[in-house]
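Contents: one structure, followed by commentary.
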Amino acid sequence: MTLPVILLALGMAGASAPLPPVPSDLPAWMSETTQNKVFYRRGAYNFDVYNLPSLARDLNAVAVGHAMAYEDLVTGRAATLESATFQRIDWVLKHPPRFMPDEATISSTFGRRYGFLEQVFDWAHLLHAQTVDVLASTRLTPAEKEREIEALYRFYREGTPYVITPLPMNMEFLDSQPYSMAFRRTYPKVNGLFWGYHWLQGAMYDILYGQSLDQQRLGYEVLGERYHQVELYRTDRAFMPMNAEVSPRFAIRFPELANTFDNLHMLHDLVNDILATRGLTEAQRDGQIRRAIWMLLDSTHRGEAAGRKVAAGLHDHRHPEGMPGMGMMKGATEDLMFMPDMGWMSMADCGHCSMPLPDGEDAWRAPTVTAEGWSMRVRCPLCARDMAAQMKGRAILRIPTDDPLRPLLLVSNDRGELGPDAPQALFLEQEGGHAKCDEWSAAVTSREAFEKYLAEHPRYAAGKPLTLEEWSERQGKKPDTYVKPKGPVEDPYAADAHVPEH
Amino acid sequence: MASATVSVARLVLGLGLIASLVSIPGPARAHETKCPFCRKPVLQDTADLDNEVALKFGKKRIEYRCVLCAIAEAKTAYTGDLTIVAPTETKGQSVTITRKDGKWSMTPETAVFVGHKVNHKICDLGYRAVTNAAAFDAWVAKHKRDLEGAKPLSLDEMVKLAYAAESGG
């Protein structure tokens with residue numbers, strides 16, 4: 001048995017190949033020894049995340065969890081990361097703090113050693129936090145929220161040099177470094193927590209975006225339960241959760257933010273793997289962490305554009321068709337990506353009927369279904385209802401109506417019963433071939449809107465308005481258009497699925 | 001609501017998908033996914049044989065890879081009454097298994113189960129409902145290499161076997 005195999009068997013991952021060289025032209029700010037603290041952009045919406053107290057507290061606990069793990073990793077307590085540290089973090093997650101902690105007080109050693117990294121993390125975390133504040137605000141109109149998120153992004157991109165690139169990145173390349181996967185293999189439970197946090201930080205956006213406060217609270221009641229019961233404790237993920245997998249509406253509307261957050265989370269993974277790789281000197285760790293930051297900095301990719309394969313590897317900025325807010329995943333083609341629980345999927349097509357999804361300015365017209373930890377865009381209300389009925393457990397359905405500002409938010413309970421009641425809403429369902437399902441299946445906000453819809457679509461003039469109760473009793477046929485996509489291999493992550501439990 | 005705009009190219013692609021169905025044998029199935037219990041792909045019906053096992057719970061209809069998987073999940077994942085529709089040896093004929101007030105029953109009552117321990121890759125052979133004892137003998141004979149020595153199980157025995165599987169037994 002070779003040494004690397006022995007180390008892996010012992011759960012001690014070492015680098016599998018020579019370490020890549022650290023660039024000689026790293027940005028000058030990486031050598032600064034003092035920290036540049038930048039506070040929130042001014043806004044009446046700041047801290048409105050507390051309109052959803054349970055989400056706010058869960059996010060506060062995420063900050064504690066990150067900091068505790070990092071501090072223990074660099075202060076000689078790595079050996080008990082899966083036991084004592086995990087239990088300490090888990091207690092905090094179950095008893096989340098009322099206010100956001102200053103991570104520097106929890107991970108002071110880590111902060112002193114890797115202050116340049118904290119600078120990058122803090123700046124992106126601030127963008128996360130303020131974006132959530134805007135979305136949770138009741139003081140801004142939907143249009144004001146759209147504008148303010150764009151302004152927040154400009155503030156982020158132009159305010160400091162610690163900016164993570166908004167380009168889609170080749171995730172397969174980034175996760176193929178000599179040290180990659182060391183953390184998930186050595187510390188699967190704590191890695192599960194990290195990916196659980198990142199699941200929450202991605203999934204929350206579609207719960208918040210374009211919804212009223214009541215709808216946000218209802219959505220988070222379902223999402224938060226899933227987070228606490230399942231997502232935090234999963235050790236079977238092949239890869240970190242991606243924003244577009246859990247918040248496709250937000251990722252399509254704000255691809256620069258979705259990519260920034262995915263790249264931030266990938267930076268966490270790179271750093272975790274470097275810290276978990278045995279046999280590195282402190283100087284090697286320091287150098288590789290600087291290189292990891294450099295790979296994901298905006299300044300490294302200046303002049304490059306989303307959608308272009310500038311070169312293989314680091315500068316490959318392609319994205320899947322229909323999803324500009326996501327980099328290429330392992331084994332993905334530009335048409336298909338692999339989701340471990342769903343198999344090969346096209347993000348441009350409906351997951352239920354395979355017909356093309358609306359894009360561009362019409363992207364908002366696609367309903368979404370959130371179930372079993374993922375969110376998927378579908379083509380019509382029937383596709384949403386029937387897809388949710390095929391999934392175990394609770395599901396969230398977001399169904400656009402004639403009024404872009406008044407989408408329906410429905411929760412399907414364990415038995416598939418839909419609620420809450422929407423007394424004004426009416427549905428058209430004149431089932432036919434799914435080539436036209438986005439016409440014969442529709443939801444509207446009033447009787448007047450229903451009549452208007454029929455007038456605009458005279459071929460459905462015989463359609464009867466269905467109440468939510470009547471509509472929810474229905475079940476469509478299996479779509480005539482459905483085709484199961486076939487990827488280049490059965491499962492691109494199969495070779496990674498080894499993983500000794502600690 | 002106005003219909004969604006899609007590019008001409010994408011619409012052509014979508015219509016191409018429809019056209020491509022013409023050459024696909026058997027009906028296309030929505031949501032070919034993984035079994036919630038064993039995580040292996042749910043087997044699809046073929047032109048000669050049905051394979052999809054459906055568990056109906058309220059308005060939910062969840063597909064499983066085999067009847068053992070469905071009954072096993074019924075133990076813990078679903079509280080209350082439910083129905084499992086299991087394919088048999090004959091295309092178009094199914095066995096309806098019902099749990100009502102905690103008691104299991106099935107239609108037709110003549111049905112028995114193959115419950116022979118096999119690698120789960122071939123669970124559609126090793127764990128299957130068949131319509132009667134004669135059909136059981138024919139099924140075992142047809143798949144002699146994998147099912148040699150198999151004995152027919154009653155519904156109670158099948159439930160016991162599946163519940164043990166759920167417990168890792």
Side-chain angles (χ1 to χ4, degrees), chain A residues 236 321-322 340-343 348-349 351-363 365-366 372 379 383 386-393 400-403 412-418 433-436 438-439 442-444 449 453 456-457 472-473 475-476 478-484, chain B residues 1-45 52 54-64 69-70 73-74 76-83 121:
Chain A
D236 61 346
E321 184 194 359
D341 290 334
M342 300 294 286
D349 300 328
H352 189 67
C353 75
S354 302
M355 290 302 293
L357 292 166
D359 58 6
E361 290 186 355
D362 283 314
R365 295 183 187 280
E372 298 189 340
R379 195 152 182 261
C383 287
D386 287 4
M387 182 182 243
Q390 293 175 19
M391 295 296 153
K392 253 175 65 181
T401 64
D402 55 298
D403 183 347
S412 162
N413 67 15
D414 289 344
R415 299 179 59 82
E417 295 152 346
L418 296 174
H434 274 256
K436 291 278 186 189
D438 56 347
E439 290 187 3
V444 295
Y453 186 88
E456 290 169 352
H457 300 82
S472 66
E473 289 296 326
Q475 185 181 30
K478 287 188 172 176
D480 53 335
T481 48
Y482 180 77
V483 176
K484 176 71 177 172
Chain B
M1 193 199 307
S3 72
T5 303
V6 293
S7 69
V8 172
R10 299 247 321 274
L11 188 57
V12 168
L13 176 67
L15 294 173
L17 290 177
I18 300 170
S20 71
L21 291 174
V22 173
S23 61
I24 294 175
R29 298 302 186 196
H31 253 326
E32 293 172 24
T33 186
K34 289 186 178 175
C35 172
F37 184 69
C38 72
R39 311 308 300 168
K40 291 183 181 297
V42 169
L43 296 165
Q44 301 301 302
D45 297 344
E52 293 174 24
L55 185 151
K56 295 180 181 177
F57 181 63
K59 294 187 175 72
K60 296 269 188 185
R61 182 187 181 279
I62 316 292
E63 291 186 359
Y64 287 84
C69 289
E73 277 242 315
T76 53
Y78 306 96
T79 306
D81 300 343
L82 54 81
T83 302
K121 284 180 188 168

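Every heavy atom of this structure was used, including side-chain atoms; hydrogens, water molecules and symmetry mates were not. Please read all numbers here as calculations on a predicted model, not as lab measurements.
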Open item on the list: side chain to side chain contact (heavy atoms under 4.5 Å, CB included), that's the test. Do A/Q475 and B/R61 meet it? Break it down for me.
Closed with: CA-CA 10 Å; A/Q475 185 181 30; B/R61 182 187 181 279; 3.9 Å; yes

Open item on the list: Counting only heavy atoms from other residues, nucleotides and ligands, does the tally under 6.0 Å from NZ of B/K34 exceed 12?
Closed with: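 Counting other residues, nucleotides and ligands, NZ of B/K34 exceeds 12 neighbours.
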
Task: Donor-acceptor under 3.5 Å (B/K59 side chain, A/E473 main chain) - done: no

Relative to chain B, which segment of [X] carries a heavy atom at a distance below 4.5 Å: side chain, backbone, both, or neither?
X: A/A388; value: backbone
X: A/E372; value: neither
X: A/N413; value: backbone

Roughly how far apart are [X] [atom1] and [Y] [atom2], rounded to 0.5 Å?
X: B/T79; Y: A/R415; atom1: OG1; atom2: CZ; value: 10.0 Å
X: A/M391; Y: B/E63; atom1: CE; atom2: CD; value: 9.5 Å
X: A/K392; Y: B/E73; atom1: NZ; atom2: CD; value: 3.5 Å

Open item on the list: For B/A77, which atoms come within 4.5 Å of any heavy atom of chain A: side chain, backbone, both, or neither?
Closed with: side chain

Task: Heavy-atom closest contact (A/D414 atom, B/K60 atom, distance) - done: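 Looking at all heavy atoms of both residues, the shortest contact is O-CG, 3.4 Å.
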
